[in-house]
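Note that the structure is a prediction, hence the values are computed from the model and not measured. All residue numbers in this chain count up from 1 along the given sequence.
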Amino acid sequence: MAELDTSGGGGGKKGKKVRSKKMSTRVDLTAMVDLAFLLITFFMLTTTLAKPQAMDMFMPDKDDKQQDELPVKASRTMTVLLGSDNKIVWYMGVMGSTAPTVDNFGKSGIRQAFIDNNKKVLAQTGDPKKGLMVILKPTDKSNYKNFVDLLDEIKIAGVPSYGIVNKIEPEELNLMKEQGALKD
């Protein structure tokens, strides 16, 4: 709302030069500020905030007394060894029973291996709860990004269960060196 202030200005004294009255203008910005805060409030309340993308991961307690092992047939397990330079080595069952495969990340790489092996295991067992069991074994040379990418691939492929093992056998390290997935 605009106002005109007519006070002040020329004088009424005699003998002096008569000046014209100066009118000052003043704009009331109260309504504009109210509107700005209403718009800010409206957009803050109606905007959807970015939801964090996280995967639920349950880790066992650090109690040494609890060493329960799940009975899983070797034919249901797929061991994935995470090496250096984005290299993955995996094998089905017990090491040495099947030929190891060196794979990469992506749709035609490890994801397809997860999908194919999960279908085979489901065809053998016939029970959706007894699908493929993936055992992840990251090495000291692997990086965290590749580990998270591997967890994403497991989720995308629909693998029902997986486990993370931080102990790699010397035979597995030798296997990775032979396959070129682990550099010294």
Side-chain angles (χ1 to χ4, degrees), residues 44 46-184:
M44 281 177 52
T46 58
T47 303
T48 57
L49 299 175
K51 295 178 183 173
Q53 297 179 350
M55 181 182 287
D56 291 332
M57 197 165 166
F58 302 103
M59 299 298 285
D61 293 335
K62 293 189 177 190
D63 188 11
D64 291 335
K65 297 175 188 173
Q66 187 179 7
Q67 291 293 329
D68 297 335
E69 292 184 9
L70 296 173
V72 178
K73 290 185 180 179
S75 61
R76 285 183 47 209
T77 63
M78 177 179 178
T79 304
V80 180
L81 306 170
L82 193 56
S84 60
D85 296 333
N86 302 330
K87 300 274 173 92
I88 303 169
V89 177
W90 63 269
Y91 59 89
M92 287 294 294
V94 181
M95 191 175 116
S97 62
T98 60
T101 305
V102 178
D103 226 333
N104 58 0
F105 291 94
K107 190 174 185 178
S108 61
I110 192 72
R111 184 185 312 170
Q112 192 61 42
F114 285 146
I115 292 170
D116 293 342
N117 289 326
N118 194 23
K119 285 181 183 176
K120 288 177 188 174
V121 170
L122 286 175
Q124 289 174 357
T125 61
D127 186 8
K129 293 181 181 179
K130 292 187 178 184
L132 183 66
M133 171 70 179
V134 176
I135 301 170
L136 298 176
K137 293 186 176 185
T139 62
D140 294 338
K141 305 287 184 183
S142 63
N143 59 28
Y144 185 72
K145 179 193 176 301
N146 289 344
F147 180 73
V148 172
D149 288 344
L150 203 55
L151 289 176
D152 288 340
E153 295 293 340
I154 288 172
K155 184 78 170 175
I156 291 169
V159 175
S161 58
Y162 64 91
I164 302 166
V165 178
N166 60 358
K167 182 181 177 189
I168 296 182
E169 302 298 326
E171 297 86 25
E172 291 171 332
L173 288 173
N174 291 335
L175 173 72
M176 291 182 74
K177 287 178 185 175
E178 289 171 7
Q179 299 294 327
L182 192 64
K183 291 184 179 179
D184 289 327

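Under the 4.5 Å side-chain criterion, counting only non-hydrogen atoms from C-beta, Ile110 is in contact with Met78. By the 4.5 Å heavy-atom criterion applied to side chains, Leu151 and Leu136 are counted as neighbours. Taking the side chain as every heavy atom from C-beta outward, Leu82 and Ile88 approach each other to under 4.5 Å.
With Glu172 as the fixed residue, the side-chain contact (heavy atoms from CB on, under 4.5 Å) test singles out one of Lys177, Lys167, Met95: Met95.
Taken from OG1 in Thr79 to CE in Met133, the straight-line distance is 9.5 Å, to the nearest 0.5 Å. Once rounded to the nearest 0.5 Å, the distance linking OH of Tyr162 with NZ of Lys155 reads 8.0 Å. One finds the CG atom of Leu81 at 8.5 Å from the OG1 atom of Thr139 (value rounded to the nearest 0.5 Å). Rounding to the nearest 0.5 Å places CG of Leu150 at 9.5 Å from OG of Ser142. We find the CG-NZ distance between Asn166 and Lys137 to be 10.0 Å, quoted to the nearest 0.5 Å. Atom-to-atom distance recorded for Asn146:CG and Asp85:CG is 9.5 Å, nearest 0.5 angstrom.
When all heavy atoms of Pro100 and Tyr91 are compared, the closest pair comes out as CA-CB, 4.2 Å. The shortest non-hydrogen separation linking Val89 to Val102 is CG2-CG2, 4.1 Å.
A salt bridge does not link Lys120 to Asp116: none of the charged side-chain nitrogens sits closer than 4.0 Å to a carboxylate oxygen.
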Start with the C-alpha gap between Asn117 and Val134, add the side-chain angles, then the distance that decides, and say whether side-chain contact (heavy atoms from CB on, under 4.5 Å) holds. CA-CA 10 Å; Asn117 289 326; Val134 176; over 6 Å; no

Starting from the C-alpha separation in whole Å, work towards a yes-or-no answer on side-chain contact (heavy atoms from CB on, under 4.5 Å) for Val80 and Phe114. CA-CA 10 Å; Val80 180; Phe114 285 146; 4.0 Å; yes

Apply side-chain contact (heavy atoms from CB on, under 4.5 Å) to residues Asp149 and Asn86 and explain how you reach the verdict. CA-CA 10 Å; Asp149 288 344; Asn86 302 330; over 6 Å; no

Using side-chain contact (heavy atoms from CB on, under 4.5 Å), reason through Arg111 and Asp152 one step at a time and then give a plain yes or no. CA-CA 9 Å; Arg111 184 185 312 170; Asp152 288 340; over 6 Å; no

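Checked by atom type and distance alone, the side chain of Arg76 pairs as donor or acceptor with a backbone atom of Gly131 at under 3.5 Å.
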